[in-house]
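First the structure, in the form of structure tokens, and then the observations on it.
Computed from a predicted structure; not experimentally measured. Each residue takes its place number in the sequence, starting with 1.
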Amino acid sequence: MKNLKYGVAIIYLVMAFAATGILFSHNAVIAKAGNTDDSFVIPDKVTGLHQIEGKQKYGFIGDGQQHVGEMDEISFSFDYVTSADGYDIELSSDNKTWTKVGTVTSKKIRAKNNLRGYYDIEKLDAGTIYYVRVSAYIKVSGIGHVNGSWSIATKMVTSPEQAVTGVRQTKALEDSITLTWDAVPGAAGYNIEFKITFGEDDDWVNYQTDKTTITISRYFSEDWKSYVRITPFTKTNSFLAYGKTSYIRDISYLPQKLETSQMFTRYTANSKKIELNWSEKGNAAGYQYQLYDAKTGKKLADKTIKSNSVRLTTQRNRYYKVRVRPYIKMDGKIKYSQWSGYYYYTYYPQNISLKLSNYSSGIEVSWPKVSGATNYTVYVSSNRYTGYEAAGTTKGTSLFVDGYNKRYFWNNYKYYFYVVANKKVGKITYHGGSTKGSVSLRYKDLE
């Protein structure tokens, strides 16, 4: 910035009264030399000088307390002095050596706002502290500009020149994440705004730090990827000047543990495949599952997949257990969540046999043993698709059923059956698949 010469009008005024020994301050009534009837009033001292937002606004900050600054510009305002014809502005980098950088007339100020002065100083260094002072002046015929006292020198600052770079997630837990980034030259701190990817615009949560790392605790229950924007700032005691905002997507907490209550199976008739499903984790990059024989504990599969479902080829008449854990990718590496508990499943027993009893009015239902099952429940209905009720539960592989709907079987009526293999694990009972109406028999009374 080039040095500018100060005006000399006020010097003439001081010399005119030096010989008399009269000292004047603002609001002093001064008589022009040689004409005691022609006097003027020194303008008031400028007050209320403070930095404000510039014309160009980086980022999204601005709530009445925080402001957006300029990389090479300082904008400020001050209280309007009623009697002033204009204002001189001076700038300093050390609050000692001052350089005049501009003059603005009261006419221009009134055109913008009749209560406050407004001015921009441009072509400054980014991320730098400066001091600004303002003096009101009046125009006096034969003398020129006559200035009042200088305002209090006010510290102001330009915004950082660079945006934040090198943002990376360095830690992920279920209840917190840690972000790190490269330092921005001249920045006094960083504003971090955080929300889940599908949140509303007013869901941003705001943090500030003077370090290049931050740990953010989980404040929402959903497992979704998150969206972060980071803005460097410089500051004075009363002003934050923000630079350019950087945007970072796909930041993830470690997904929360899957509960077995969030897992379920779908069975397809006449198929040896069972589709295992679980609640999707919106921030998961994929899932790992392990499949075991529920009785022997032998591991049968250990794979990673992208979706929240998998079709498993399994044998009939055998219980299996499976566990799942989601994972994320962080800094090019896979990080796994906790394993779910074991989820147990089996298909419905095949080769169910029905026959009329030779000894009593009823139907004998039998089926092959299901490896790993605790017991079995037989269901019966007079309609193939609806109205099934439990006829009984047994640890064996057969059950005598003597009626339906609290009545004995009707002669020459057709009845439908299916069997579910159950497995009790702790306080939870798992139920195998079923195919309603897979077997039926027309009942005949004993003769």
Side-chain angles (χ1 to χ4, degrees), residues 50-77 120-122 124-132 154-173 175-220 222 224-253 283 330-331:
H50 67 279
Q51 190 171 358
I52 61 173
E53 293 183 4
K55 298 187 295 294
Q56 188 176 9
K57 299 180 180 180
Y58 294 114
F60 297 84
I61 316 302
D63 61 0
Q65 299 296 323
Q66 302 163 334
H67 306 277
V68 181
E70 304 298 325
M71 290 187 298
D72 63 348
E73 178 182 309
I74 285 175
S75 299
F76 55 90
S77 68
D120 297 321
I121 303 176
E122 300 177 344
L124 302 176
D125 295 329
T128 303
I129 296 289
Y130 291 95
Y131 297 85
V132 176
T154 301
K155 184 187 290 187
M156 301 187 187
V157 64
T158 51
S159 297
E161 181 175 8
Q162 298 180 15
V164 170
T165 58
V167 182
R168 53 204 177 275
Q169 184 174 354
T170 56
K171 193 172 184 179
L173 300 174
D175 60 355
S176 68
I177 61 170
T178 300
L179 303 176
T180 303
W181 56 90
D182 299 334
V184 173
Y190 305 87
N191 193 83
I192 297 93
E193 296 171 287
F194 185 90
K195 76 177 181 72
I196 59 176
T197 303
F198 298 103
E200 301 294 333
D201 286 340
D202 58 357
D203 287 341
W204 290 100
V205 178
N206 191 74
Y207 306 88
Q208 284 189 353
T209 180
D210 57 0
K211 299 177 174 58
T212 56
T213 185
I214 188 171
T215 296
I216 302 175
S217 298
R218 181 191 286 268
Y219 64 93
F220 52 87
E222 300 89 347
W224 291 109
K225 292 181 180 179
S226 301
Y227 184 53
V228 178
R229 53 194 189 197
I230 304 179
T231 309
F233 62 81
T234 49
K235 67 177 182 178
T236 63
N237 292 337
S238 59
F239 188 87
L240 297 179
Y242 287 84
K244 293 181 179 179
T245 298
S246 299
Y247 306 86
I248 307 94
R249 298 178 183 273
D250 297 343
I251 300 297
S252 293
Y253 289 95
N283 57 340
M330 187 184 71
D331 203 19

Can you list the residues that meet the side-chain contact (heavy atoms from CB on, under 4.5 Å) rule with Thr165, with sequence neighbours excluded?
Asp182

Supply the atom-to-atom distance Gln169 CD to Asp250 CG, rounded to the nearest 0.5 angstrom.
10.0 Å

Please identify each residue that fulfils side-chain contact (heavy atoms from CB on, under 4.5 Å) with Thr236, with sequence neighbours left out.
Ile129, Lys155, Val157, Ser238, Phe239

For Met156 against Ile74, the heavy-atom pair lying closest together:
SD-CG2, 3.4 Å

Which value, rounded to the nearest 0.5 Å, describes the distance between Ile192 atom CD1 and Ile214 atom CD1?
4.0 Å

I'd like to check the side-chain contact (heavy atoms from CB on, under 4.5 Å) partners of Glu161; sequence neighbours left out, ordered by chain and number.
Met71, Ala126

For Ser176, enumerate each residue passing the side chain to side chain donor-acceptor pair (under 3.5 Å) test, keeping only those at least two apart in sequence or located in another chain.
none

All heavy atoms of Val164 vs all of Pro232, minimum pair found to be CG2-CD, 3.8 Å

Donor-acceptor pair, distance only, cut-off 3.5 Å: does the side chain of Gln162 make one with the backbone of Pro185?
no

So, taking the atom named CG in Leu179 and the one named OH in Tyr207, what distance separates them when rounded to the nearest 0.5 Å?
10.5 Å

Answer yes or no: is there a donor N or O on one side and an acceptor on the other, between the side chain of Ser75 and the main chain of Ile52, under 3.5 Å?
no

Just how far is it from atom OH of Tyr131 to atom OG1 of Thr154, taken to the nearest 0.5 Å?
10.5 Å

Would the distance check show the side chain of Asn283 and the main-chain N or O of Tyr253 forming a donor-acceptor pair, the cut-off being under 3.5 Å?
yes

Rounded to the nearest 0.5 Å, what separates atom CD1 in Ile230 from atom CD in Glu193?
10.0 Å

Please report the shortest heavy-atom distance between Ala187 and Thr234, naming the atom on each side.
CA-CG2, 4.3 Å

List the residues meeting side-chain contact (heavy atoms from CB on, under 4.5 Å) with Asp331, not counting sequence neighbours, and say none if there are none.
none

Side chain to side chain donor-acceptor pair (under 3.5 Å) involving Thr178 - partner list, sequence neighbours excluded:
Thr215

With rounding to the nearest 0.5 angstrom, report the OG1 to CH2 distance, Thr213 to Trp181.
6.0 Å

Contacts of type side chain to side chain donor-acceptor pair (under 3.5 Å), residue Ser77, not counting sequence neighbours:
Arg116

Do side-chain atoms of Tyr130 reach the backbone of Asp125 as a donor and acceptor pair under 3.5 angstrom?
yes

Please step through side-chain contact (heavy atoms from CB on, under 4.5 Å) for the pair Thr158 and Asp72, ending with a clear verdict.
CA-CA 6 Å; Thr158 51; Asp72 63 348; 6.0 Å; no

Do Leu240 and Gln208 come close enough that some side-chain heavy atom pair is under 4.5 Å?
yes

Heavy-atom closest pair (Tyr242 atom, Pro160 atom, distance to 0.1 Å) is C-CD, 4.4 Å

With Tyr227, which residues qualify under ring pair (Phe, Tyr, Trp, His ring centres under 6.0 Å), at least two apart?
Trp204

